[in-house]
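Only this structure's heavy atoms are used, side chains among them; waters, hydrogens and symmetry mates stay out.
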Number of protein chains: 2
Amino acid sequence: MKQDGLFVRLSAHRLFAGMSEEDFSRALIMLDAHRRAYARGEYLHRMGEPLSAFGMVLLGTVQVYSDDPDGRGMMMANVAEGGSFGESLAFLAVPRAPVHILTTTGCEVLWLRTASLRTPSSDPFVFLLRDRFTAMLATRTLEMNDRIQILSKLTLRDKLTTFFTEWERRTGSRTFTVPFDRAALSDYLGTNRTALSRELSNMQNEGLIEYYKNSFKLLC
Amino acid sequence: MKQDGLFVRLSAHRLFAGMSEEDFSRALIMLDAHRRAYARGEYLHRMGEPLSAFGMVLLGTVQVYSDDPDGRGMMMANVAEGGSFGESLAFLAVPRAPVHILTTTGCEVLWLRTASLRTPSSDPFVFLLRDRFTAMLATRTLEMNDRIQILSKLTLRDKLTTFFTEWERRTGSRTFTVPFDRAALSDYLGTNRTALSRELSNMQNEGLIEYYKNSFKLLC
DNA sequence: CCTCTTCTGTTGCAAATGCAACCTTTTTTC
DNA sequence: GAAAAAAGGTTGCATTTGCAACAGAAGAGG
């Protein structure tokens, strides 16, 4: 596999942080990395099939969706550049993944297999990789806690303020651009697109925020 | 530490499944296990402090709560007998845990430290334990996905049917008892206690379910 | 057995919001 | 650059549901 620029782009990722370029290459080999480009709207994975590897987004944005029995789609995760998805399903080798995964933009994805992480080995490097992977999962559960906190709020206004506060904390700025369009954001918040538009309008009229497209500025 | 009965009670847990009693004892030593009893309503952990170990509930039920900035408590997890909590916070050694943990009944908890899981070692047994622990985390993220699905539903009726369907799947029966009282259940579903009571009544009147206390029977 | 506490259910009301219908703006495609 | 498609906004209306207040039932402790 060509590794052009991969080291530069991924050396900050928590899975590879602090590795030398040699170790990084070694990690990619161990994880049987392969790289693939996808068009906008293309499926990376279909529900009901096993996920043989987890993905790391090199370019673009992918979304993890779960279909309700009644067909209403539900976004489980929105993964931007540098993010990853499917770690748990791949690690556990779940035979029928309960989600489908698709792109919202043109994308490039690095697929990584977890098989070598589960094979006993006394190699300290394997140990390191496994430790990093476990830490990734632990971090993921903390992130999901954040989402659960938002979804647990009873009013849309509360959801939005929690969401904004989180992004302020995450970006360290009161102005930020989120990787969601309105429909995706309403999914993420567990609400309705038009209700979301309405509430954003209200908040702008009340002087709490300003926004243009997906860029928001907190005025509070 | 006394291990009376622990092997019998925990040998089915995914962390220890399939281990001989000797290996089990060895695991407890490696994880620096210690056992402690708590009274109903007692705090196992207070928000803002580091969690030096994760817990496994031997007896009773504990709840993980997160306080809103505005003080409204929010239940993040309800952990019944055989369940565990705090794995991510302990593994990552988060300096100030964002939750508090308390009992809802008299409880007995087995505390387990993750330090040995992070220390490089070529011991195959360490490898096994780490693998189990990682699988625990992966399973946890899948469970949280289920909760997120429930919380993402727009109506209380939808939340309840999803919740019931999940318990039907989990227990394999259309009659089951959940470890939540009404207040806890309303927290879990992200709604209001009285609204929950109302909707349960409605569903019973419509002949969809029957219930007595925390036991539910699906009639659909 | 009695008291006190906790849990659960009911109801009226006001506020929130899902939904449908429709329009405007932006983006994509050819 | 025109046409088509996608995204975003607005509004009215009906439904949902959060909230408060209260009452009955069950449980705990003496």
Can a side chain N or O of [X] be found less than 4.0 Å away from OP1 or OP2 on [N]?
X: B:Lys213; N: D:dG27; value: yes
X: A:Asn192; N: C:dT17; value: no
X: A:Ser201; N: D:dT10; value: yes
X: A:Thr191; N: C:dG18; value: yes
X: B:Tyr211; N: C:dG9; value: yes

- Query: Salt bridge or not for B:Asp146 and B:Arg170, using N-O below 4.0 Å?
  - Reply: no
- Message: Are A:Leu89 and A:Pro98 packed together at the side-chain level, in the sense that at least one heavy-atom pair is separated by less than 4.5 angstrom?
- Response: yes
What is the separation between atom [atom1] on [X] and atom [atom2] on [N], rounded to the nearest whole Å?
X: A:Asn202; N: D:dT11; atom1: CG; atom2: P; value: 10 Å
X: B:Glu199; N: C:dT8; atom1: CD; atom2: P; value: 17 Å
X: B:Leu185; N: C:dG9; atom1: CG; atom2: P; value: 11 Å
X: B:Ile209; N: C:dG9; atom1: CD1; atom2: P; value: 10 Å
X: B:Met203; N: C:dG9; atom1: CE; atom2: C1'; value: 17 Å
X: A:Asp158; N: D:dG18; atom1: CG; atom2: P; value: 12 Å
X: B:Tyr212; N: C:dC7; atom1: OH; atom2: C1'; value: 12 Å
X: B:Lys159; N: D:dG18; atom1: NZ; atom2: P; value: 7 Å

- Would you mind classifying the nucleic acid contact of B:Thr155 as base, sugar-phosphate or nothing, using non-hydrogen atoms under 4.0 angstrom?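 It contacts sugar-phosphate atoms only.
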- Go through the steps for B:Phe133 and B:Phe54 under the test ring-ring contact (aromatic ring centres under 6.0 Å, His included), then give the verdict. CA-CA 11 Å; B:Phe133 183 80; B:Phe54 70 98; 5.5 Å; yes
Of the candidate nucleotides [options], which contains the atom at the shortest distance from the side chain of [X]?
X: B:Arg198; options: D:dT10, C:dT8, C:dG12; answer: C:dG12
X: B:Arg182; options: D:dA7, C:dT8, D:dT17; answer: C:dT8
X: B:Thr194; options: C:dT6, D:dA21, C:dG18; answer: D:dA21
X: B:Arg193; options: C:dC19, D:dG9, C:dG9; answer: C:dG9
X: A:Leu154; options: D:dG18, C:dC19, D:dT10; answer: D:dG18
X: A:Leu156; options: C:dT17, C:dT8, D:dA7; answer: C:dT17

- Message: Ring centres under 6.0 Å, that's the criterion: do A:Phe164 and A:Tyr211 meet it?
- Response: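 Ring centroids of A:Phe164 and A:Tyr211 are no less than 6.0 Å from each other.
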- Message: Could you check whether B:Thr61 and B:Thr105, counting side-chain N and O atoms only, form a donor-acceptor pair closer than 3.5 Å?
- Response: no
